[in-house]
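Reminder, nothing fancy here: chain letters follow the sequence lines and each chain counts from 1.
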Amino acid sequence: MSRQQLSRSFYLQPTLDVARRLLGMYIVRRTPQGRLAGRIVEVEAYLGELDPASHAYRGRTARNDVMFRKGGHLYVYFTYGMHFCSNVVTESKGTGHAVLLRAVEPVEGVQILAKRRDVNPTDIEQLCNGPAKLCQAFGITREHNGTDLCGETMWIERRDPPLAEELIGVSTRVGISTGKEQQWRFFMKGNRFVSKGRPAMQNRH
DNA sequence: TCCGAGATTCACT
DNA sequence: GTGAATCTCGGAG
């Protein structure tokens, strides 16, 4: 299968569709040390002003400004005093919808990812199995907030055929205090690179 | 294996 | 002033 960078139109689809379809795609970042890439195995959808758990729920602010741009931008936020998390903005400009990248399977640049995480490269499962770990490993910080994924520094590409529907697990989201009833977390069933975060309710399927 | 707390910054109320 | 879309470590069971 050829490698194909996702175009703008991909990100403009309905957020829950984008979230599901991102599973199995590859996030790629160019760095001076080399190329980093990981296969996306876990995501969560945040539906802007419809979603009390979303940063965009209360409207546009300086912090969440990027969420209100058109789909295909990267929204990076800082939380818990020490962590960054990355989101892919979806749908058209002004909706505030986004998909949180929660876990990836390291594919390229494993040595670099391990060095940034300060863990043994043989401990590959620990490199990117959580939204903040993923950012640390890929070196994603506030500088990358607003990056256009349709550009050439960081992007998402398709390498494999679409994931079979029965391989996609669904559950409630992790680490939130409101909007717990929504089953907007999607992950690859049985994949060892999925994060350890425990959703509020048991997984479906 | 599980659970609780600390780390540490900043946007928002 | 408060608490957050988290992670890690240490201690208890």
Side-chain angles (χ1 to χ4, degrees), chain A residues 11 15-16 18-20 22-23 27 38 40-69 71 73-91 95-106 113-147 149 156 169-187 192-203:
Chain A
Y11 302 103
T15 304
L16 294 174
V18 174
R20 280 175 170 272
L22 278 175
L23 293 178
I27 178 151
I40 300 171
V41 299
E42 180 183 354
V43 298
E44 284 177 2
Y46 285 86
L47 270 55
E49 295 175 326
L50 308 173
D51 181 1
S54 169
H55 289 171
Y57 183 57
R58 295 172 194 284
R60 193 169 191 157
T61 65
R63 180 199 198 191
N64 65 25
D65 183 70
V66 172
M67 297 183 87
F68 289 86
R69 298 188 194 172
H73 287 86
L74 192 71
Y75 167 53
V76 181
Y77 68 89
F78 183 74
T79 191
Y80 292 108
M82 53 197 324
H83 295 302
F84 292 101
C85 297
S86 315
N87 301 248
V88 176
V89 176
T90 60
E91 303 201 13
T95 59
H97 289 210
V99 175
L100 171 68
L101 302 179
R102 287 196 56 87
V104 307
E105 170 182 348
L113 298 173
K115 190 171 180 183
R116 281 230 188 76
R117 290 269 299 120
D118 196 26
V119 303
N120 194 316
T122 59
D123 227 0
I124 191 168
E125 294 163 36
Q126 306 296 319
L127 294 184
C128 304
N129 64 335
K133 295 180 185 177
L134 184 162
C135 283
Q136 190 187 359
F138 275 75
I140 298 172
T141 68
R142 71 177 88 252
E143 294 168 34
H144 303 281
N145 188 34
T147 299
L149 296 173
I156 298 175
V170 180
S171 81
T172 54
R173 293 171 292 179
V174 174
I176 54 173
S177 52
T178 56
K180 287 178 179 171
E181 68 287 355
Q182 304 297 348
Q183 304 221 336
W184 288 344
R185 172 172 174 258
F186 304 99
F187 56 97
R192 65 193 178 104
F193 297 96
V194 169
S195 80
K196 302 291 186 292
R198 287 190 310 257
M201 289 188 283
Q202 265 313 319
N203 302 345

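Both A/Asn64 and A/Gly81 lie close to DNA chain B; mapped to their nearest nucleotides by heavy-atom distance, the more 5′-ward contact belongs to A/Gly81.
A/Asp118 places its CG atom 15 Å from the C1' atom of C/dC9, with the value rounded to the nearest Å. Between the C1' atom of C/dT6 and the CZ atom of A/Arg173 lies a distance of 16 Å, rounded to the nearest Å. Per the geometry, CG belonging to A/Leu101 stands 13 Å off P belonging to C/dT6, to the nearest Å. The distance between atom CD1 of A/Ile140 and atom P of C/dT6, rounded to the nearest whole Å, is 16 Å. If you take OH of A/Tyr46 and C1' of C/dA4, they are 12 Å apart, rounded to a whole angstrom. Atom CD1 of A/Ile176 and atom P of C/dG3 are 18 Å apart (whole Å). The NE2 atom of A/His83 sits 15 Å away from the P atom of B/dC10 (whole-angstrom rounding). Atom CG of A/Asn129 is separated from atom C1' of C/dA5 by 16 Å (rounded to the nearest Å).
Cation-pi geometry between A/Arg142 and A/Phe78 is satisfied (NZ or CZ under 6.0 Å from the ring centre, within 45° of the ring normal).
Between the A/Glu44 side chain and the A/Val174 main chain, a donor and an acceptor come within less than 3.5 Å of each other. Remark: the backbone N or O of A/Ala45 is paired with a side-chain donor or acceptor of A/Arg173 at under 3.5 angstrom. Here the side chain of A/Asn64 pairs a donor or acceptor atom with the backbone of A/Gly59 at under 3.5 angstrom.
B/dC3 sits 22 Å from C/dA5 when the P atoms are compared, rounded to a whole Å.
For the segment residues 47-59 of chain A, residues with any heavy atom less than 4.0 angstrom from an atom of DNA chain C are, sorted by number, A/Ala53, A/His55.
In this model, the phosphate group of C/dT8 is approached by a side-chain N or O of A/Lys133 to a distance below 4.0 Å at OP1 or OP2. When the side-chain nitrogen and oxygen atoms of A/Arg117 are compared with OP1 and OP2 of C/dT8, one or more of them lie within a distance under 4.0 Å. In terms of phosphate contacts, A/Arg102 brings a side-chain nitrogen or oxygen within less than 4.0 Å of OP1 or OP2 of C/dT6. Put simply, A/Arg142 has no side-chain N or O that comes within less than 4.0 Å of OP1 or OP2 on B/dT9.
The side chain to side chain donor-acceptor pair (under 3.5 Å) with A/Ser171 is formed by just one residue from the set A/Gln183, A/Arg185, A/Glu42; it is A/Arg185.
You cannot call A/Tyr77 stacked on the base of C/dA5; the centres under 5.5 Å and planes under 30° rule is not satisfied.
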A/Lys180/A/Thr172 under side chain to side chain contact (heavy atoms under 4.5 Å, CB included): CA gap, chis, key distance, verdict: CA-CA 6 Å; A/Lys180 287 178 179 171; A/Thr172 54; 5.8 Å; no

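Crowding of A/Asp118 atom CG: a count of heavy atoms from other residues, nucleotides or ligands under 6.0 Å not exceeding 12.
Between the OG atom in A/Ser54 and the CE atom in A/Met67 there is a gap of 4.0 Å [rounded to 0.5 Å].
For A/Tyr80 against C/dA5, a side-chain-to-base donor-acceptor contact under 3.5 Å is absent.
Residues A/Glu91 and A/Thr15 are in side-chain contact: their nearest non-hydrogen atoms beyond the backbone lie under 4.5 Å apart.
Helical stems of DNA chain C (runs of at least 3 Watson-Crick or G-U pairs, donor-acceptor distances under 3.5 Å) are listed by first residue: B:1-7 with C:6-12, B:9-12 with C:1-4.
A donor-acceptor contact under 3.5 angstrom links the side chains of A/Gln136 and A/Arg117, judged on distance only.
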